[in-house]
There are 2 protein chains.
Amino acid sequence: MRYGRRHLRRGYGMGHGWWQGRFRGCGYRITVPREEILSVLSNTSEHLSAEEIYMKVHKTYPGLGLTTVYRTLELLEEMGIVIRIDAGDGRARYELAEGPKGRRHHHHLICAKCGKVIDYTDFIEDEKELISKTESGLSKKYKFKILNHEITFYGLCDACK
Amino acid sequence: MRYGRRHLRRGYGMGHGWWQGRFRGCGYRITVPREEILSVLSNTSEHLSAEEIYMKVHKTYPGLGLTTVYRTLELLEEMGIVIRIDAGDGRARYELAEGPKGRRHHHHLICAKCGKVIDYTDFIEDEKELISKTESGLSKKYKFKILNHEITFYGLCDACK
DNA sequence: TTATTATTGAAAATCATTTTCATTATTGAA
DNA sequence: TTCAATAATGAAAATGATTTTCAATAATAA
């Protein structure tokens, strides 16, 4: 007897992501939707929106709901596994903060017209000194506990200019 | 006979903003809503959302519609008179790019909890070299025409930490 | 295997922003 | 000043991304 089940089951073949430990540690469950979403994020260098992630996962796992994508991304962002980028076009994009291979610290180049986001890792060395100096100065002066920084250049990409 | 008019008329007392020339130059009309919105933006050091601007203007000019605020802000952003800031809390905030007195180049410190935005002008000198170097390097490498940059620190403000 | 309860998906609800459209106000020309 | 052309406006409806609600389902510990 076959059963038309909407849901995959997790099994031996499923791989044991580097992130699973962190999930367990926080008391979160490891589920198929979460595995699928993280798999998509791990296998792209693009900056995907919630809907784009939904569509990609949907191909192999049609049971997925868009709601779950949003919920998962929110969770992943809270855990620092994922970074949300606001390209200013009304929908957020997401990228892995640090993957299994350890992504390098980088910043963004955003096209003001089409919203395309490019990572760049150039000049990070030169940046370090400025950032640490600025960070300690600001933290003192404005009584901010600084957690993160972001350098973004806006402009027009090759195709749009 | 009195008439309950919903609309103020522009008159001699209304002041001649530094921005009016730019409006005329672009073929845009100078209207009361635009004057009022720019007046609010000129008289605050806060980073206001469209709705906050609407509420402030509404006190002296109840005829104003929220739609007009959005439309005006869009126009002002296009003209480079206003800068939109995405604090990541789902609504954009706006600030004057450069006022009559000429605001200094600055960057932002954003509280990840309450969304508060603080301008800082510290370390701008140190920043210059890095930025110009980065800018020319990126522009060449990625064929981007760079128009603008943004440095933002995220953290917790004194009240939230 | 079972009980507990976190997670899920669908549908409805939100909420900021945009669009539509008829009305009104600004502007340049007469 | 008056007038005609049309840009700008406000109200209401539409949009679109994201969030909430709630009953059903699946992951986990015992």
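Keep in mind that what you see is a predicted model, and the values were worked out from it rather than measured.
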Single-linkage hydrophobic cluster, 4.5 Å side-chain cutoff, B:Leu66 and B:Tyr94 together: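 Same cluster.
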Just the rounded figure in Å: distance from [atom2] of [N] to [atom1] of [X].
| X | N | atom1 | atom2 | answer |
| --- | --- | --- | --- | --- |
| B:Tyr28 | D:dT6 | OH | C1' | 15 Å |
| B:Arg34 | C:dT24 | CZ | C1' | 14 Å |
| B:Tyr61 | C:dT24 | OH | C1' | 10 Å |
| A:Phe23 | C:dA6 | CZ | P | 15 Å |
| A:Leu73 | C:dT8 | CG | C1' | 15 Å |
| B:Leu66 | C:dT19 | CG | P | 14 Å |
| B:Tyr94 | C:dA16 | OH | P | 13 Å |
| B:Met79 | D:dA8 | CE | C1' | 14 Å |

B:Tyr70 side chain near C:dT18 phosphate (N/O to OP1/OP2, under 4.0 Å): no
Determine yes or no for a side-chain-to-main-chain donor-acceptor pair under 3.5 angstrom, with [X] supplying the side chain and [Y] the backbone.
| X | Y | result |
| --- | --- | --- |
| A:Arg22 | A:Met79 | yes |
| B:Thr60 | B:Val57 | yes |
| B:Ser42 | B:Leu38 | yes |
| A:Arg34 | A:Arg29 | yes |

Just name whichever nucleotide pairs with [N], Watson-Crick or G-U, keeping both distances under 3.5 Å, else none.
| N | result |
| --- | --- |
| C:dA22 | D:dT9 |
| D:dT20 | C:dA11 |
| C:dG28 | D:dC3 |

Candidate nucleotides D:dT18, C:dT7, D:dA7, ranked by approach to the side chain of A:Thr31 - the nearest: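 Nucleotide nearest to A:Thr31's side chain: C:dT7.
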B:Ala50, nearest nucleotide to its side chain (from C:dT17, D:dT18, C:dT8): C:dT17
Protein-nucleotides 11-13 of chain C N/O pairs under 3.5 Å:
from   : atom 1 : to      : atom 2 : distance (Å)
C:dA11 : N6     : A:Thr67 : OG1    : 3.4

Touch class at under 4.0 angstrom, heavy-atom based, for A:Arg91 against every strand present: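 Result for A:Arg91 = sugar-phosphate.
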Sugar-phosphate, base or nothing in reach of B:Arg71, heavy atoms under 4.0 Å: base
B:His107 and B:His105 aromatic ring geometry - parallel, tilted or perpendicular at 30°/60° bounds: perpendicular
Mutual orientation of the aromatic rings belonging to A:His108 and A:His47 [parallel < 30°, tilted 30-60°, perpendicular > 60°]: perpendicular
